[in-house]
2 protein chains.
Amino acid sequence: MDQRKIRNMEEFAAVSGISRPTVSKYFNDPDSVRQSTRDRIEAALEAYDYRPNIFAVNQNRRLTKNIGIVVPYLADPFFAEIGRTIERRCIDAGFSPILFSSHGVTAYEIDILESLRSLKPAGVLLAPLGRTSDRAALEKFCADVPTVLFDSFVEGIGRAFVGSNNQQFVELSVEYLCRTGEPPCFFEMETPVNPNARRRRAAYLSTMERLGHSPQIVQAKGKNWDFEKIGYAEGGRAFAERAFPTNTILCSNDRLAIGVLAAAYKNGLRVGRGHGHAVRIAGHDDHPFSRFTSPPLTTVSQDYAAIADRSFETLLHLLDAGDGVGDHDATFFDGQLVMRDSA
Amino acid sequence: MDQRKIRNMEEFAAVSGISRPTVSKYFNDPDSVRQSTRDRIEAALEAYDYRPNIFAVNQNRRLTKNIGIVVPYLADPFFAEIGRTIERRCIDAGFSPILFSSHGVTAYEIDILESLRSLKPAGVLLAPLGRTSDRAALEKFCADVPTVLFDSFVEGIGRAFVGSNNQQFVELSVEYLCRTGEPPCFFEMETPVNPNARRRRAAYLSTMERLGHSPQIVQAKGKNWDFEKIGYAEGGRAFAERAFPTNTILCSNDRLAIGVLAAAYKNGLRVGRGHGHAVRIAGHDDHPFSRFTSPPLTTVSQDYAAIADRSFETLLHLLDAGDGVGDHDATFFDGQLVMRDSA
DNA sequence: CTCATTAATTTACGCGCGTTAAGTTTTTCA
DNA sequence: TGAAAAACTTAACGCGCGTAAATTAATGAG
């Protein structure tokens, strides 16, 4: 195939019979050169497999083609899935995605933004930790780097936001549960890490009141991202102490619900609707595992792909709109009720 | 804090009162300069927040301080977890980890290795796709870059391997199941993507024979990484067709077992041991979600942290051992039986 | 205090590519 | 066919840092 190794663009230009500046132009935009020279370059490219040195390329660019993707917790399949989707979009659009996870730790998130900055990314898609984020650090970062926030909305941070309509999510689940059985109590974490949780609580309260029921909230202690574990421990405790005031438990999110489901099983409570069942349990988010719990979890589905796609599109928009004062648009996707057997 | 922005090492050297080459030396190894000059540099570092341009730094190095981490499927919490752990080790050791996921797609794995190569990483930790990996591509890559394989053993690839002792895993589960009830049948995928699966099958066969039982294998159709879905669909079909020859189902891995568990529930089969239970189900790996299934899944635990730690240590070893012909050492960690309620 | 070490400094080159300016060739189209 | 436009070539500089050689300064044992 190739006779000798190509060491740099100079040599590659030589073997392709094109001058180096033109080759450089080609790599920055293949359409910017005449078709005939493009063909010659691409012919040489096949014969000699050469790739521009990525470090040398990025040294001179003020901005690279890198796109940072930051999620708060990669062990959560939701974020794994959404990260995956965004990665693909980036690659297909000719960017180099770099995936980071804060693993639920504030200091990690700060570190990530720090090292991201030195990668001179064209843009960043950031799902912040939320409550435990260092607001100042986020603000400073977003001031320098075009950033689209997703999943967790943080007031005043980022140039745009894409997430789900928590109000609508909870309206959907509360209305369904009230329509088909006892009005639900709301199970959530005492000090939720994620700002979505606060909006869901508010939505639960308002929806219950609108429907003429008295809202009842059960809170679980716990501050980390081990939601299933917390749901299991605290849910179990609540079952044992008969702390759930109704037979219907609406969990703030599916991961918590998965824990409560396990706790219910352990306590010998049959979960589901209809007679013979002791308790109904529902969640929100349509977590990838929710369809495989026993019983399968009734929930409200997030449109993963839509959030991922829209986030990326929004960033692209931002990028070629330049540093226009960007009318911080926020997109909130509605969810859909997914009726399964748990409620 | 800082008066003017520092643009490069030249300027930073000026404000710190040290020459640029010495500053450069400092950044490559803070211990290589006299304590007094180190103090002066670090004082300036606090006052002026400067960081060497990562691209310029890497341009001249033959090797960078980058370490690639490649997993086959990041939406699998096992890999998310192990990826997370390795990342930490890298950072703590002064390296820059970069996490990639092949998402189960051969072409992606090849692309990842391709772009990894251009990042000139000091080393790579690779959990290959396995059966669907492009062997030639792996071989070519590993010839150029010091690579430690983990999780999936591929004969002759990489300079070392760290994974689990599949033989021992299955011995443990089969012996336990035989000791406490009907000998298990083995539920697995027809064409498993992961080489561990083949070893587990072999271990099942040999262990059953050693114990004087006739092995019985039930295979599920399906070729992708949606193990839960496949387990649910094919397990459900097997239940409906009464294709499971015993009341004890040993699944090749937990994700498959989670699907079978859901299928059992759907078919009205109570899962667990003792009377009143129709079927026992067990798995392998101690998947993070296994303790939250209903009932909680009996399984054999992988030592995530040990695999992650040892993989990284092995790589470090490899790196400062230079290009010594490395006696391709393979480490196989034993598992521990985790008895829960499903079997 | 002297001499031998050890560490820092000065000077200078190179890495691989982006980019620009000036000159040359090719293409396009009237 | 000829001139303008477009694309290319040559030449050269700069990016920010690693690194080497030669020189000077600091350290420390005797």
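Because the structure is predicted, anything quoted here is derived from the model rather than measured. Chain naming here is simple, since letters A, B, ... match the order of the sequence lines and numbering starts at 1 in each.
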Just to verify, what does A:R84 make a salt bridge (Lys or Arg N to Asp or Glu O under 4.0 Å) with, not counting sequence neighbours?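 If we apply the salt bridge (Lys or Arg N to Asp or Glu O under 4.0 Å) test to A:R84, skipping adjacent residues, the hits are A:E81.
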
What is the distance, to the nearest angstrom, from the [atom1] atom on [X] to the [atom2] atom on [N]?
| X | N | atom1 | atom2 | answer |
| --- | --- | --- | --- | --- |
| B:I18 | D:dA26 | CD1 | P | 12 Å |
| B:D31 | C:dA7 | CG | C1' | 15 Å |
| B:K65 | D:dC17 | NZ | C1' | 17 Å |
| A:F55 | D:dG18 | CZ | C1' | 14 Å |
| B:D29 | C:dA7 | CG | P | 12 Å |

According to side-chain contact (heavy atoms from CB on, under 4.5 Å), who are the partners of B:K25, at least two apart in sequence or on a separate chain?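 Applying side-chain contact (heavy atoms from CB on, under 4.5 Å) to B:K25 gives B:S32, B:V33.
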
With B:P30, which residues qualify under side-chain contact (heavy atoms from CB on, under 4.5 Å), at least two apart?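 Scan of B:P30 (side-chain contact (heavy atoms from CB on, under 4.5 Å), adjacent residues dropped) gives B:Y26, B:R38.
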
B:S19 side chain N/O closer than 4.0 Å to the phosphate oxygens (OP1, OP2) of C:dT9?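 So the side-chain polar atoms of B:S19 do come within 4.0 Å of the phosphate oxygens OP1 or OP2 of C:dT9, strictly under.
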
Using a 4.0 Å heavy-atom cut-off to protein, can you give one letter per nucleotide of nucleotides 16-30 of chain C, 5' to 3': B if the base is in contact, S if only the sugar-phosphate is, - if neither? BBBB-----------

Should the heavy atoms of other residues, nucleotides or ligands under 6.0 Å from CZ of B:R135 be counted, would the total exceed 12?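 Counting neighbours around CZ of B:R135, more than 12 heavy atoms of other residues, nucleotides or ligands fall under 6.0 Å, so yes.
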
Which atom pairs, one a donor and one an acceptor, fall under 3.5 Å between side chains of residues 118-125 of chain A and the rest of the protein, sequence neighbours left out?
from	atom 1	to	atom 2	distance (Å)
A:S118	OG	A:S115	O	2.8
A:K120	NZ	A:N58	O	3.2
A:K120	NZ	A:R61	O	3.3

Can you list the residues that meet the side chain to side chain donor-acceptor pair (under 3.5 Å) rule with A:R89, with sequence neighbours excluded?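 With sequence neighbours excluded, A:R89 shows a side chain to side chain donor-acceptor pair (under 3.5 Å) to A:D309, given in chain and number order.
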
